[in-house]
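Have a look at the structure below, then the notes.
Letters go in sequence order (proteins before strands), and every chain restarts at 1. From a predicted model like this one, the values you see are computed outputs, not experimental measurements. Only heavy atoms go into these numbers, but all of them, side chains included; no hydrogens, no water, no symmetry mates.
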Amino acid sequence: MKLVDKPKKTKTGQYKTNEEELQKLAGDHEIIGVILDYREATKLKSTYVDALPGTISKKTGRIHTSFSQAVTTTGRLASSDPNIQNIPVRTEQGQEIRRAFIARSDEFTLLAADYSQIELRIMAHLSGDEHMKEAFVSGEDIHTATAARVFGVATGDVTKEQRRRAKMVNFGIIYGISAFGLAQRLRIPRKEAAEIIDTYFAQYPAVKACMDGIIETARNKGYVETIAGRRRHIRDINTANGTVRAAAERYAINAPIQGSAADMIKIAMIRIEKLLRGKKTKLLLQVHDELVFDLHKDEHDLIEEIRKLMSEALPLSVPVVVDCGVGRNWLEAH
DNA sequence: AATTTCACG
DNA sequence: ACGTACGTGAAATTA
């Protein structure tokens with residue numbers, strides 16, 4: 001429709017029509033919003049509404065996923081056939097789908113127990129950064145605390161926009177931040193993004209030192225390690241190609257963070273399995289930082305025991321907070 | 001079979 | 001100038 005001067009192309013030469021590109025055209029033609037709505041609806045219908053009923057076991061009347069323990073590069077589990085780790089939750093229509101996941105009978109409810117900000121807490125632990133640790137020890141909202149530091153205002157004066165940006169920066173830290181990546185996410189010039197990152201590292205100096213140290217380890221040993229000792233080998237960490245090397249450095253930084261979180265929840269799962277022996281309550285699912293249980297109505301005392309096992313699975317130098325919720329369906333449990 | 005898009009953490 | 005945020009799996013489309 002000639003709405004763009006230089007339309008972006010995919011690597012095979014097709015026009016890019018993903019959400020990010022379409023969103024930029026939202027004000028230029030009324031069809032764009034309609035297409036985005038259509039995309040959302042058809043994605044949910046084909047991937048979940050149409051597909052999941054066919055996966056229900058004839059024998060049990062339930063959906064049984066497969067968890068792979070040796071697939072991901074970081075130590076996370078992967079769920080397939082069907083994937084139950086990507087059940088919708090973000091949009092209204094998505095939430096309707098999540099509501100369909102219910103407890104096994106009237107005697108049960110669903111319990112969702114999830115780690116709060118676990119990857120940033122692991123960053124605080126690995127780096128030992130006093131400012132970041134203090135934010136968690138005092139129970140502050142980490143994104144608000146980061147915003148206050150990066151934008152130089154009091155915690156109470158942090159605006160929504162500042163918090164939103166700080167949240168993006170915190171995510172960036174976990175991913176092995178780059179000025180380009182942050183600039184794209186925040187839709188600001190690369191130079192501004194670079195300044196935000198500089199301020200961030202000035203406020204959390206030990207985080208910067210930790211990230212440099214991880215990269216140094218990768219260069220010297222060829223691999224990085226999680227808290228429990230899982231290794232990820234980092235190819236190309238010493239390559240001359242700057243782009244490839246920068247990517248390798250991001251993998252090196254992300255792997256110990258994402259992987260240590262995976263270590264933690266796996267240790268918790270092993271201990272919880274022992275706790276639940278002989279009980280009616282069953283562990284159903286793991287979704288990276290969350291465990292979902294069929295909780296029997298007479299066993300609600302288990303909630304605090306599960307919370308304790310999860311929060312103490314891999315002790316950190318900051319508090320590990322586990323949020324627990326109970327409901328008739330998976331959406332309500334959150 | 002490869003690519004693109006998009007669902008989740 | 002290059003060209004990137006990390007980790008997955010499934011459906012639809014393209015080649």
Can you find a side chain N or O atom of A:T12 that sits less than 4.0 Å from OP1 or OP2 on C:dT14? no
**Prompt:** Does a side-chain N or O from A:T47 land closer than 4.0 Å to OP1 or OP2 of C:dA12, or not?
**Reply:** no
Using atom P of each nucleotide, how far apart are B:dC6 and C:dA5 to the nearest Å?
15 Å
Residue pair A:G242/A:Q258 against DNA chain C: nearer the 5' end by closest nucleotide is A:G242
Taking C:dT8, C:dA5, C:dA10 as options, the one with an atom nearest any side-chain atom of A:V71 is C:dT8
With salt bridge (charged side-chain N to carboxylate O under 4.0 Å, His left out) as the test, would you mind laying out the steps for A:E304 and A:R307 before giving the verdict? CA-CA 5 Å; A:E304 289 312 314; A:R307 189 202 304 279; 2.9 Å; yes
Strictly below 4.0 Å, N to O, side chains only: are A:E305 and A:K308 in salt-bridge contact? no
*For A:Y204 and A:T146, does a side-chain donor sit closer than 3.5 Å to a side-chain acceptor?*
yes
Whole-Å distance, A:N254 CG to C:dC6 P, equals 8 Å
In whole angstroms, the gap separating C1' of B:dG9 from CG of A:D323 amounts to 15 Å
In whole angstroms, the gap separating C1' of C:dG7 from CZ of A:R230 amounts to 13 Å
So A:K208 and A:Y200, do their side chains get closer than 4.5 Å, heavy atoms only? no
A:N83 CG to B:dG9 P, in whole Å, measures 11 Å
A:M211 atom CE is separated from C:dC6 atom C1', nearest whole Å, by 12 Å
**Request:** Would you indicate, yes or no, if B:dT4 has its OP1 or OP2 atom less than 4.0 angstrom from a side-chain nitrogen or oxygen of A:T10?
**Result:** yes
Original post:
Just checking A:G172: base, sugar-phosphate only, or nothing, at a heavy-atom cut-off of under 4.0 Å?
Top reply: base
Worksheet item: Base, sugar-phosphate, or nothing for A:I174, non-hydrogen atoms under 4.0 angstrom?
Response: nothing
When rounded to whole Å, the CZ to P distance for the pair A:R39 and B:dT4 reads 13 Å
Separation of B:dT5 atom P from A:E19 atom CD, nearest Å, is 12 Å
